[in-house]
*Asks:* 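Take a look at the following structure, please.
Naming: A, B, ... by sequence-line order, numbering from 1 per chain.
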Amino acid sequence: MKHNSLQDILTQRFAAAVATVAGLPPDQVDPQIRPAGDPKFGDYQCNVAMSLARTLKSKPRDVAQRIKDAVESRLADIAEPLEIAGPGFLNIRLKDELLAQYLGEIPAPLSEPRARATGASEPGAPATRASEPRAQATGSVAPGGTAQERGHTGAAWPLTDRVGLSPVEQPQRVVVEYSQPNIAKQMHVGHLRSTIIGDVLARVLAFEGHEVVRQNHIGDWGTQFGLVILGLWHICMARDRGEPDYLQKMLPRLANKRDPENRTAAFDEVKSQHDRDYDRDDTGAPDGKGKLVFLPFLERIHQNKSVSLDEIELSYRYVTQLQDISKDREGDPYHGLPQRVTSWLQLGDAQEMLAWKYCRAITLDYCSHTYAHLGVLLSPQDIHGESFYSLGDDKDPKDRLREVLQELREKFGATAGLPREGTRVRAAVRDDEGAVVVYLYNDQGEPLFKDRDGKKLGMIVQKSDEAYLYATTDLAAIRFRLRELPFPSGVGAQRVIYVTDARQKLHFEMFFACARAAGWITDAVRVDHVTFGSVLGGDHRPLKTREGGTVKLRELLDEAERRAFELLQQRAAAAEERRDEEDGTARPSLTADTAVAPAEQREIARRVGIAAVKYADLRNDRNSDYVFDWDKMLALTGNTAPYMMYAYARIRSIYRKAAERIGSPDVYAAGVTLALAHPAERALALRLARLRETIDVVAADLTPHVLCTYLYDLAADFMRFYESCPVLDAPDDASRLSRMRLCDLAARTLRLGLGLLGIEVIERM
RNA sequence: GCGCCCGUAGCUCAGCAGGAUAGAGCACCGGAUUUCUAAUCCGGCGGUCGCAGGUUCGAAUCCUGCCGGGCGCGCCA
């Protein structure tokens with residue numbers, strides 16, 4: 001198993017030599033080994049001579065010569081003689097034998113039969129069902145551990161082949177928080193990037209050998225739930241009256257601000273209907289016995305799930321409009337109603353609780369479906385939403401938000417003073433216009449954050465109405481993750497990664513500072529806010545529907561699949577046409593080769609469509625905005641998912657042909673060696689050998705696009721190899737086996753790399 | 001006003017532990033197929049790296065200022 005990248009190996013060998021020349025201990029020199037800027041300069045280069053020349057007060061080329069003399073004996077087995085070039089570069093060309101040996105050490109995939117290891121079709125992640133939410137919120141790491149079962153060993157995603165790469169020697173316990181959808185709303189494009197990027201980071205870190213626990217910090221608690229529950233009540237009463245379409249019918253009138261008279265008329269109709277319904281529902285009798293309509297309705301729908309998320313969303317908009325109109329009416333007839341409902345919920349009223357649970361369950365069902373569709377590994381066990389920090393779970397019901405407030409008051413209160421020992425951040429908690437606010441200072445006592453008037457900016461942790469905010473929840477969450485969250489090897493994360501859009505940067509800086517000041521984030525803990533830019537439409541404005549609404553994630557994924565399917569159909573038709581022109585005999589084509597069944601066509605389209613969406617998102621640096629463009633992401637050429645999937649399918653096609661013509665030789669047999677005589681073979685081999693250093697960079701910098709670039713280069717290297725080096729018709733048996741081995745390594749590497757990106761390969765296109 | 005991100009070829013983007021002549025893809029022009037999927041490959045065209053200073057043997061990369069775009073700056077998340 002490979003611990004070291006080629007770059008590591010060279011760095012180690014050069015370090016000793018450079019140390020000798022520089023007169024420093026080897027661990028204090030960086031020999032500046034970098035991939036060569038241009039293939040004609042070799043494979044790697046050592047750039048240290050120029051900077052070293054300054055401190056040694058001698059000429060760069062002389063220093064290069066001394067390094068060369070000192071290192072050459074240590075390099076004899078792996079590199080060709082070094083060349084000094086330009087101002088003092090040392091160009092390194094690895095020996096072909098070294099590349100052959102390095103790749104030769106990659107064992108055949110052991111854990112499964114060969115045919116599968118090189119990429120047999122595997123179904124997507126099994127659809128997960130969100131079951132009873134509160135129960136699911138319990139113990140995110142079950143006995144055996146979710147990290148163990150999924151990310152850590154990769155049981156639930158097809159990652160049984162490590163392509164010779166060993167896990168890190170010192171695994172860390174890592175939380176990756178991503179996706180973060182809201183209850184009672186469909187996921188939309190706004191959730192796409194966090195979900196996709198977070199999933200890749202979780203996969204890559206798990207692959208590196210870390211214990212990864214995913215956390216889905218869903219928005220399932222807070223003031224908006226009064227509105228959601230009211231919406232459900234309206235649905236209930238409309239159905240009870242035998243007018244199931246009442247909300248759909250009234251909403252356009254309520255929402256049409258251009259016709260204020262009609263709008264207020266509609267409002268009055270709804271309001272008087274509301275009052276009659278209310279009397280019918282709640283007779284005021286004690287013990288809930290007076291609740292005649294809504295409560296039984298809630299119990300029923302829990303059984304048959306007969307209210308859809310679409311309806312809940314619609315009812316939410318409906319109630320929002322009612323609030324909006326009510327504000328401008330005399331006496332504000334709905335004044336405070338949602339707040340009252342919210343407070344009933346927060347006091348644990350059975351009816352409100354039941355309504356909330358229903359909305360939550362329906363949303364989580366929908367999310368699970370979307371995750372499965374997207375091929376994202378989040379499961380119900382990963383959910384610790386806002387409600388968890390208020391309510392705890394069945395095993396351990398407790399209000400962690402209250403605990404956070406208490407602890408902040410104890411540590412930062414007036415008498416506690418500043419600063420806390422062992423932290424560089426000081427904090428003070430104060431009541432400010434009825435809200436509880438934490439102020440943060442550096443060790444000079446200067447405010448860390450300022451508002452637009454230059455005055456110190458506090459972080460509100462409790463509103464004047466006593467409600468908590470996201471800052472409180474985030475504090476409670478990190479405290480929980482660092483102190484309570486179980487991992488296979490122990491309790492508490494050593495690293496926490498947040499994947500959210502860049503606009504939340506200030507918020508994260510503030511709450512990180514606060515958590516440091518409180519002593520929760522210690523120097524032993526690493527926290528990262530992984531930010532990303534926006535998804536833009538063709539107009540370079542944030543992506544919206546033609547009507548200006550948010551783009552629903554489900555609709556987007558369906559469209560991806562539909563477009564991919566059309567594209568594949570067109571291609572198949574074009575291939576057929578070409579075949580006919582050539583008299584139907586000359587060219588083996590897709591159709592001739594496989595006669596792909598409709599079900600497989602659908603599955604191929606699904607994988608290509610989803611892959612295109614994901615890859616388009618991942619291929620650019622996270623922080624830049626990107627333009628969402630169907631044609632570009634589904635293009636069959638260039639740096640796209642289909643191009644790489646095609647490269648993979650081409651390799652698999654060779655294997656099918658090989659099986660027909662020559663059987664299936666064991667390309668990992670002891671006698672098979674890699675021959676890298678042709679430049680295209682060598683280039684492919686070098687690329688394959690760079691997998692380790694690529695993944696190391698991705699894991700260190702949390703940059704999926706680096707992996708994308710690597711895979712694109714790999715696919716392109718393979719294509720060139722494919723064009724110039726016949727595999728099955730190779731000149732002799734040895735080179736055929738060598739080339740088949742290269743093909744197999746390329747397929748495994750593509751499959752692993754795409755797998756880390758959450759993209760499933762296909763056997764044929 | 002302050003803070004953060006961004007500005008590289010006509011378009012979309014890499015490159016930014018300072019390194020050689022700044023790279024891809026798309027588009028455009030030209031070429032390659034008796035051969036394992038032409039959904040491919042090869043060649044050509046195309047750039048004052050926003051502007052101006054500075055540090056350095058060397059700057060797209062680091063520093064300062066400016067210009068242009070996006071985002072953020074207490075009771076939303």
*Asks:* Report the distance from atom CZ of A/R622 to atom P of B/G15, rounded to the nearest whole Å.
*Replies:*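 Rounded to the whole Å, the gap is 12 Å.
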*Asks:* With a 4.0 Å cut-off on heavy atoms, is A/S464 in touch with a base, just the backbone sugar-phosphate, or nothing at all?
*Replies:*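 Since a base atom lies under 4.0 Å of A/S464, the category is base.
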*Asks:* Please work out if A/L728 contacts a base, only the sugar-phosphate, or nothing of the nucleic acid, heavy-atom cut-off 4.0 Å.
*Replies:*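 Base: the residue A/L728, judged by heavy atoms under 4.0 Å, touches a nucleobase.
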*Asks:* If you only use heavy atoms from C-beta on, which nucleotide in B/C5, B/A14, B/C26 is closest to the side chain of A/N623?
*Replies:*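 For the A/N623 side chain, the nearest candidate turns out to be B/C5.
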*Asks:* Let me have RNA chain B in dot-bracket notation, would you? Count Watson-Crick plus G-U wobble pairs, both distances under 3.5 Å, and use [ ] for pairs crossing earlier ones and | for inter-strand partners.
*Replies:* (((((((..((((.....[...)))).(((((.......))))).....(((((..]....))))))))))))....
*Asks:* Is A/H540 touching bases, backbone alone, or none of the nucleic acid, heavy atoms closer than 4.0 Å?
*Replies:*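 Sugar-phosphate contact only - A/H540 comes under 4.0 Å of backbone atoms but never of a base.
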*Asks:* How would you label the contact of A/Q45 with the nucleic acid (heavy atoms, under 4.0 Å): base, sugar-phosphate, or nothing?
*Replies:*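 Base: the residue A/Q45, judged by heavy atoms under 4.0 Å, touches a nucleobase.
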*Asks:* Take the protein atom CE of A/M644 and the nucleotide atom P of B/U37, then report the distance between them rounded to whole Å.
*Replies:*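 Atom-to-atom, A/M644 to B/U37, this comes out as 20 Å.
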*Asks:* Look at the side-chain N and O atoms of A/Y643 and state whether any lies under 4.0 Å from the OP1 or OP2 oxygen of B/U37.
*Replies:*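 Checking A/Y643 against B/U37: no side-chain N or O falls below 4.0 Å of OP1 or OP2.
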*Asks:* Give one of base, sugar-phosphate or nothing for A/D474, where a contact means two heavy atoms less than 4.0 Å apart.
*Replies:*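 Here A/D474 touches no strand at all.
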*Asks:* Is A/R619 positioned over the aromatic face of A/Y615, cation under 6.0 angstrom from the ring centre and no more than 45 degrees off axis?
*Replies:*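 No, A/R619 does not lie over the aromatic ring of A/Y615.
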*Asks:* Does A/S194 have any side chain to side chain donor-acceptor pair (under 3.5 Å) partners at least two apart in sequence or in another chain, and if so, which?
*Replies:*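 So A/S194 forms a side chain to side chain donor-acceptor pair (under 3.5 Å) with A/Q180.
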*Asks:* Can you label the angle between the A/F508 ring and the A/H529 ring as parallel, tilted or perpendicular, going by 30° and 60°?
*Replies:*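 Ring orientation, 0 to 90° scale: parallel.
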*Asks:* Run the salt-bridge test on A/E681 and A/R739 with the 4.0 Å N-O cut-off and return the result as yes or no.
*Replies:*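 Salt bridge: yes.
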*Asks:* I need the residues from residues 711-725 of chain A with at least one non-hydrogen atom less than 4.0 Å from RNA chain B; give them sorted by number, or say none.
*Replies:*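 Those residues whose heavy atoms fall under 4.0 Å from RNA chain B, taken from residues 711-725 of chain A in numerical order, are A/Y712, A/M719, A/R720, A/Y722, A/E723, A/C725.
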*Asks:* Measure from the side-chain heavy atoms of A/Y646 and tell me the nearest of B/C13, B/A20, B/A38.
*Replies:*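 Closest nucleotide among those given: B/A38.
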*Asks:* Could you tell me whether A/R764 and A/E600 have a side-chain N and a carboxylate O separated by less than 4.0 Å?
*Replies:*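 Yes.
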*Asks:* Taking atom P of B/U12 as reference, at what distance in whole Å does atom CZ of A/F628 sit?
*Replies:*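 For the pair A/F628 CZ and B/U12 P, the rounded distance is 17 Å.
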*Asks:* From CG of A/L634 over to C1' of B/A39, roughly how many Å is that when rounded to an integer?
*Replies:*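 Roughly 12 Å, once rounded to whole Å.
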*Asks:* Kindly say whether, by distance alone, the side chain of A/N47 makes a donor-acceptor pair under 3.5 Å with the base of B/A17?
*Replies:*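 Absent.
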*Asks:* Any base atoms under 4.0 Å from A/P726, or only sugar-phosphate, or nothing? Heavy atoms, all strands.
*Replies:*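 Touches a base.
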*Asks:* Kindly say whether, by distance alone, the side chain of A/E433 makes a donor-acceptor pair under 3.5 Å with the base of B/C75?
*Replies:*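 Donor-acceptor pair under 3.5 Å: yes.
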*Asks:* Establish, from distance only, whether the side-chain atoms of A/N623 and A/T531 form a donor-acceptor pair under 3.5 Å.
*Replies:*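 Yes.
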*Asks:* Tell me whether B/G44 sits syn or anti, counting syn as a glycosidic angle within 90° of 0.
*Replies:*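 B/G44: anti.
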*Asks:* Run the salt-bridge test on A/K505 and A/E509 with the 4.0 Å N-O cut-off and return the result as yes or no.
*Replies:*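 Here A/K505 pairs with A/E509 in a salt bridge, since their nearest N and O are under 4.0 Å apart.
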*Asks:* Under a 4.0 Å N-O cut-off, is there an ion pair linking A/D617 with A/K614?
*Replies:*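 The answer is no: the pair does not qualify as a salt bridge.
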*Asks:* What is the separation between atom OH on A/Y626 and atom P on B/C26, rounded to the nearest whole Å?
*Replies:*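 It works out to 20 Å between those atoms.
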*Asks:* Carefully, step by step, assess A/Y655 and A/S664 under the rule side-chain contact (heavy atoms from CB on, under 4.5 Å).
*Replies:* CA-CA 8 Å; A/Y655 270 74; A/S664 301; over 6 Å; no
*Asks:* Are A/E466 and A/Q462 close enough, and set up right, to give a side-chain contact (heavy atoms from CB on, under 4.5 Å), and what steps lead you there?
*Replies:* CA-CA 6 Å; A/E466 300 196 334; A/Q462 187 172 28; 3.8 Å; yes
*Asks:* Please tabulate the protein-to-nucleotide N/O contacts below 3.5 Å involving nucleotides 55-62 of chain B, giving atom names and distances.
*Replies:*
| unit_1 | atom_1 | unit_2 | atom_2 | d |
| --- | --- | --- | --- | --- |
| B/C57 | OP1 | A/R54 | NH1 | 2.7 |

*Asks:* What are the atom names and distances for every N/O pair under 3.5 Å that joins the protein to nucleotides 69-74 of chain B?
*Replies:*
| unit_1 | atom_1 | unit_2 | atom_2 | d |
| --- | --- | --- | --- | --- |
| B/G74 | O6 | A/Y439 | OH | 3.1 |

*Asks:* May I ask you to establish whether A/R690 and A/Y710 are in a cation-pi arrangement, using a distance under 6.0 Å from NZ or CZ to the six-membered ring centre and at most 45° from the ring axis?
*Replies:*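 Not satisfied by the 6.0 Å and 45° rule.
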*Asks:* Taking the nucleotide of RNA chain B with the closest heavy atom to each, which residue, A/Q224 or A/V706, is nearer the 5' end?
*Replies:*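 It is A/V706 whose nearest nucleotide is closer to the 5' end.
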*Asks:* Whole angstroms only, please: what is the CG-P distance between A/L636 and B/U37?
*Replies:*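 One finds 17 Å between P of B/U37 and CG of A/L636, rounded.
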*Asks:* Does the distance from a Lys or Arg side-chain N to an Asp or Glu carboxylate O, for A/R606 and A/E603, drop under 4.0 Å?
*Replies:*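 Between A/E603 and A/R606 there is a salt bridge, with a charged N closer than 4.0 Å to a carboxylate O.
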*Asks:* Counting only side-chain N and O atoms of A/H705, is one of them less than 4.0 Å from OP1 or OP2 of B/G15?
*Replies:*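 For A/H705, the contact criterion (side-chain N or O under 4.0 Å from OP1 or OP2 of B/G15) is met.
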*Asks:* Under 4.0 Å between any heavy atoms, over every strand shown, what does A/A649 touch: base, sugar-phosphate, or nothing? Just pick one.
*Replies:*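 Base, at least one base heavy atom under 4.0 Å.
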*Asks:* Applying a 4.0 Å non-hydrogen cut-off, can you work out what A/E466 is touching in the nucleic acid: base, sugar-phosphate, or nothing?
*Replies:*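 No contact.
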*Asks:* Both A/D621 and A/D453 contact RNA chain B. Taking the nearest nucleotide for each, which residue is further toward the 5' end?
*Replies:*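 Final value for this comparison: A/D453.
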*Asks:* Determine, using ring centers only, whether A/H507 and A/Y498 are less than 6.0 Å apart.
*Replies:*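 Not under 6.0 Å, so no.
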*Asks:* Taking any heavy-atom pair under 4.0 Å as a contact, classify A/Q7: base, sugar-phosphate, or nothing.
*Replies:*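 The answer is base, as A/Q7 lies within the cut-off (heavy atoms under 4.0 Å) of a base atom.
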*Asks:* Could you check whether A/D501 pairs with A/R193 (Lys NZ or Arg NE/NH1/NH2 to Asp/Glu carboxylate O, under 4.0 Å)?
*Replies:*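 Result for this pair is no, no salt bridge flagged.
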*Asks:* Let me see the working for A/Y643 and A/Y712 under ring pair (Phe, Tyr, Trp, His ring centres under 6.0 Å), right down to the final yes or no.
*Replies:* CA-CA 8 Å; A/Y643 177 82; A/Y712 174 64; 5.5 Å; yes
*Asks:* Strictly below 4.0 Å, N to O, side chains only: are A/D733 and A/R736 in salt-bridge contact?
*Replies:*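 Yes.
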*Asks:* How many Å lie between CD on A/Q339 and C1' on B/C76, as a whole number?
*Replies:*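 That distance rounds to 14 Å.
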*Asks:* Determine whether A/C514 and A/L408 satisfy the following criterion, side-chain contact (heavy atoms from CB on, under 4.5 Å), listing intermediate values before the conclusion.
*Replies:* CA-CA 9 Å; A/C514 182; A/L408 293 178; 4.0 Å; yes
*Asks:* For RNA chain B, determine which residues of residues 31-42 of chain A have any heavy atom closer than 4.0 angstrom to one of its atoms, and list them numerically.
*Replies:*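 When residues 31-42 of chain A is checked for heavy atoms under 4.0 Å from RNA chain B, the hits, listed by number, are A/R34, A/K40, A/F41.
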*Asks:* Rounded to whole Å, how long is the line connecting atom NE2 of A/H529 with atom P of B/C5?
*Replies:*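 Result: 13 Å.
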*Asks:* Which class fits the ring pair A/F628 and A/W630: parallel under 30°, tilted 30 to 60°, perpendicular over 60°?
*Replies:*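 Correct class here is perpendicular.
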